[in-house]
Amino acid sequence: MVQQTVVDETRRPPAIVAVEGVVKRFGRFTALNDINLSVRAGEKIVLCGPSGSGKSTLIRCINHIETHDSGRIVVDGVELTDRMGDINTVRREVGMVFQSFNLFPHLSIVENCMLAPMKVRGLSRAQAHERARGFLRKVRIHDQADKYPGQLSGGQQQRVAIARALCMQPKIMLFDEPTSALDPEMVKEVLDIMVELARDGMTMVCVTHEMGFAREVADRVVFMDHGAIVEEADPETFFRAPRTERARDFLGQIIH
Amino acid sequence: MFAVLFEPTADGQRYIDWLLSGLGWTLALAFFGWWIAFAVGIVVGIGRTVQNRAFAALARLYVEVFRNIPVLVQMFLWYFVLPEILPTTLGNAIKQIPPPWGSFFPALICLGLYTAARIAEQVRAGIEALPKGQTEAASALGLSPYLTYRHIIVPQALRLIVPSLTSEVMGIYKNTSVALTIGLMELTAQARQISEATFQTFTAFGAATLIYLALALIAYQGMALIDRAVRIPGTARTDDDIAPNLAEDIQQAGALPAGMEIAK
Amino acid sequence: MNSLDFSIVLQAWPYLWSGLLFSLALTAVAFVVGMVLGTCFALLQHFEVPVIAKIVRGYIALVRSIPLILVLFWFFFLVPIVLGHLSGSGRPVPIGATWTAFITFGLFEAAYYSEIIRVGLRAVNRGQFEACQALALSTFETYRSVIMPQVLRVASPIILSQTIILFQDTSLVYVLSLTDLLGAASKLAQLNGRLVEMYLVIVVVYLAISSAASQGVALLRKRYAIAGARR
């Protein structure tokens, strides 16, 4: 038996994101309190919890848009610290999708997707264009490539934002409430893309309240409240039999 | 460094008296010019927003003309050209006005009417920024257009534009120096005169610069006080409120963040 | 009232034309120098570069608080002295009124353009910076490719309005006895005594140029207002 577990441990892929004892404060408010989380390559994790629970802060710490005050965050074998010379070597392996899309309004859709591959990865214009076309096709928006962000619907913009992140060919994708700013009828078109991405084997960390999505693709659901991880379980267990009162309350509120 | 200012001049005064006299003319010009500008500016600004086509067109013409001619050229129009195109007797009478009044009055009218055009645009922006519901509510209560403007629209619009009026106050006191071109011995002119009389250019210009800086500070603080005094309770602006609106502010004609579009 | 004689204007036109060209050249040079320097000033403040940001802040506050004519007098007096020190001889280097005007307007306008760009920088949504971070863009690329294009676009109507004011302000070089459009008219008026005709003609020229430019700015504003509403 003992032998068996050791073998299992070595067979599982190593953690691509390791968060150990992370604390983050905004002034006197503690946003993250001793967070431990590890994500293995290919894993899909859904972070959920009431607003202000720290889930967005956590995901933003993983690519160092927020800096943590203490503890360790290791991404793809590199520890994130304030002193590190070039955070961008880590960030180029981590794609991020924001709640408010954050497309560049002065660049066309295809240019939004080409900018970082050209400037960061050093692709030629032609290469970047080809790659952008490919990923825009994947998110089914290639026929709008020459429009500007302001001319697209919210759902379309968010799909472009996903394509933009994918063009960097990241090892990990972070989603920060990608469907919260969308009209209800547009949520599905974005979730469909995310499901496909999960099926392709992408490592994903998603802050979302879309429980259908969590059930369908998540390997683990992590429930946070007041800056701490309260419960961590596979989706089936989490939704059917949450262990804590707080998780039950939360599920009761969002499932209507 | 400023010791030279207390030395006696050829005419028995001290140089500092020249500066103070210049300051007096600068202040008089800015102060009285402001009230002309404010009064005319409100009327023209309202005119830009009314339904009456003739009035609106006149107001627009006024703004176009007075805003698009350099203030120095306007100064020359009032000083040199006006007496020439008036009937000869009247023109000659104007030319007979003794100095310094012969320079002061044209400068006063010039600055007043020039600044009025700029204030008019601020007033218009203020009125247009008000929600349409205000006019509708006033009409629903049976207020006439005049009463609506008098009691509902203008009082709110003026409160709204106090920050942008600050830049117009700064503008008019700085533009007073243009009056030196038609011979008014205001602050800048006196500084130059002292510089030429004493060769202490640094001291002369330095003293004038300090005075202008002090005036700017007073104008700025004064307008901030007014802004606070006339603010409607419950509508206090915080920095956080202002920041997200800047992009819109930038795009709106006239309604610029305080001090952004200053005449020199 | 004397009868007006505008035939005099036809004779005077070549001289007025050269004056107008000087006004336009001064506007163009001050615009380019002012925008380049002003952008640098705004970025120095934006990045809160120690000491330098404070100095820039002080310079801008000073220049914006005193009349342009006084600034012209200052530079007319100071620039030769500073150049003397820079050249090492210590003796003032006379550079003449024309150069003084170009230097003064460039440095003066920089203060105004800088304020416009600084406010524009503050108006850029924080999400834009975060998206650049997430895409691993360097700071230089972030500003060059994403932030500054947006700032210049959103601020362009104000920048152009400021440039129209600049064009009108170039008339103040009259106090340095330079021959810009106004200077040309006033010199001719003294020679031929037809000051009414001379001044009325340049009024028309200034009015036409500034009005046309203002209309252009208004159009631009309308276009961006629509783009802004859609965003």
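- For the pair L72(B) and S171(C), the tightest heavy-atom approach, listed with the atom from each and the gap, is CD2-O, 3.3 Å.
- A distance of 6.5 Å separates CG of L78(C) from CZ of F202(B), quoted to the nearest 0.5 Å.
- Only the side chain of L180(B) comes within contact range of chain C, judged by heavy atoms closer than 4.5 Å.
- At most 12 non-hydrogen atoms from other residues, nucleotides or ligands lie less than 6.0 angstrom from CH2 of W17(C).
- Interatomic distance, L68(C) CG to S177(B) OG, rounded to the nearest 0.5 Å: 8.0 Å.
- Aromatic pair F76(C)/F205(B): ring centres not closer than 6.0 Å.
- Taking the side chain as every heavy atom from C-beta outward, L181(C) and V73(B) never approach each other to under 4.5 Å.
- One finds the CZ atom of R67(B) at 8.0 Å from the CD1 atom of I165(C) (value rounded to the nearest 0.5 Å).
- Looking at every heavy atom in both residues, R192(B) comes nearest to V175(C) through NH1-O, 4.4 Å.
- Partners of H85(C) by ring-ring contact (aromatic ring centres under 6.0 Å, His included), not counting sequence neighbours: none found.
- When heavy atoms are compared at a cutoff of 4.5 Å, I69(B) approaches chain C by way of both its backbone and its side chain.
- Below 4.5 Å, heavy atoms of chain B meet no heavy atom from residues 124-132 of chain C.
- Of the inter-residue distances, the one linking I69(C) atom CD1 with T181(B) atom OG1 reads 6.0 Å to the nearest 0.5 angstrom.
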- Message: Show, in sequence, the C-alpha distance, side-chain angles and deciding distance for L182(C) and F76(B), and conclude whether the side-chain contact (heavy atoms from CB on, under 4.5 Å) test is met.
- Response: CA-CA 10 Å; L182(C) 174 62; F76(B) 283 6; 3.9 Å; yes
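- Judged by distance alone, the side chains of T201(B) and W74(C) never bring a donor and an acceptor atom under 3.5 Å apart.
- Residues K174(B) and I66(C) form no side-chain contact, since every pair of their non-hydrogen atoms from C-beta on lies 4.5 Å or further apart.
- Annotation: K54(C), atom NZ; neighbour count of heavy atoms from other residues, nucleotides and ligands within 6.0 Å does not exceed 12.
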Can I get a per-line list of side-chain donor-acceptor pairs under 3.5 Å for residues 203-213 of chain C, giving both atom names and the distance, sequence neighbours left out?
unit_1: S210(C); atom_1: OG; unit_2: N68(B); atom_2: O; d: 3.4
unit_1: S210(C); atom_1: OG; unit_2: Q168(C); atom_2: NE2; d: 3.3
unit_1: S210(C); atom_1: OG; unit_2: Y206(C); atom_2: O; d: 3.2
unit_1: S211(C); atom_1: OG; unit_2: E64(B); atom_2: OE1; d: 3.2
unit_1: S211(C); atom_1: OG; unit_2: N68(B); atom_2: ND2; d: 3.1
unit_1: S211(C); atom_1: OG; unit_2: L207(C); atom_2: O; d: 3.1

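- Interatomic distance, OH of Y220(B) versus OG of S65(C), reported as 10.5 Å (0.5 Å rounding).
- Only the side chain of I202(C) comes within contact range of chain B, with at least one heavy atom under 4.5 Å from a heavy atom of that chain.
- The ring-ring contact (aromatic ring centres under 6.0 Å, His included) check on F77(C) picks up nothing, with sequence neighbours excluded.
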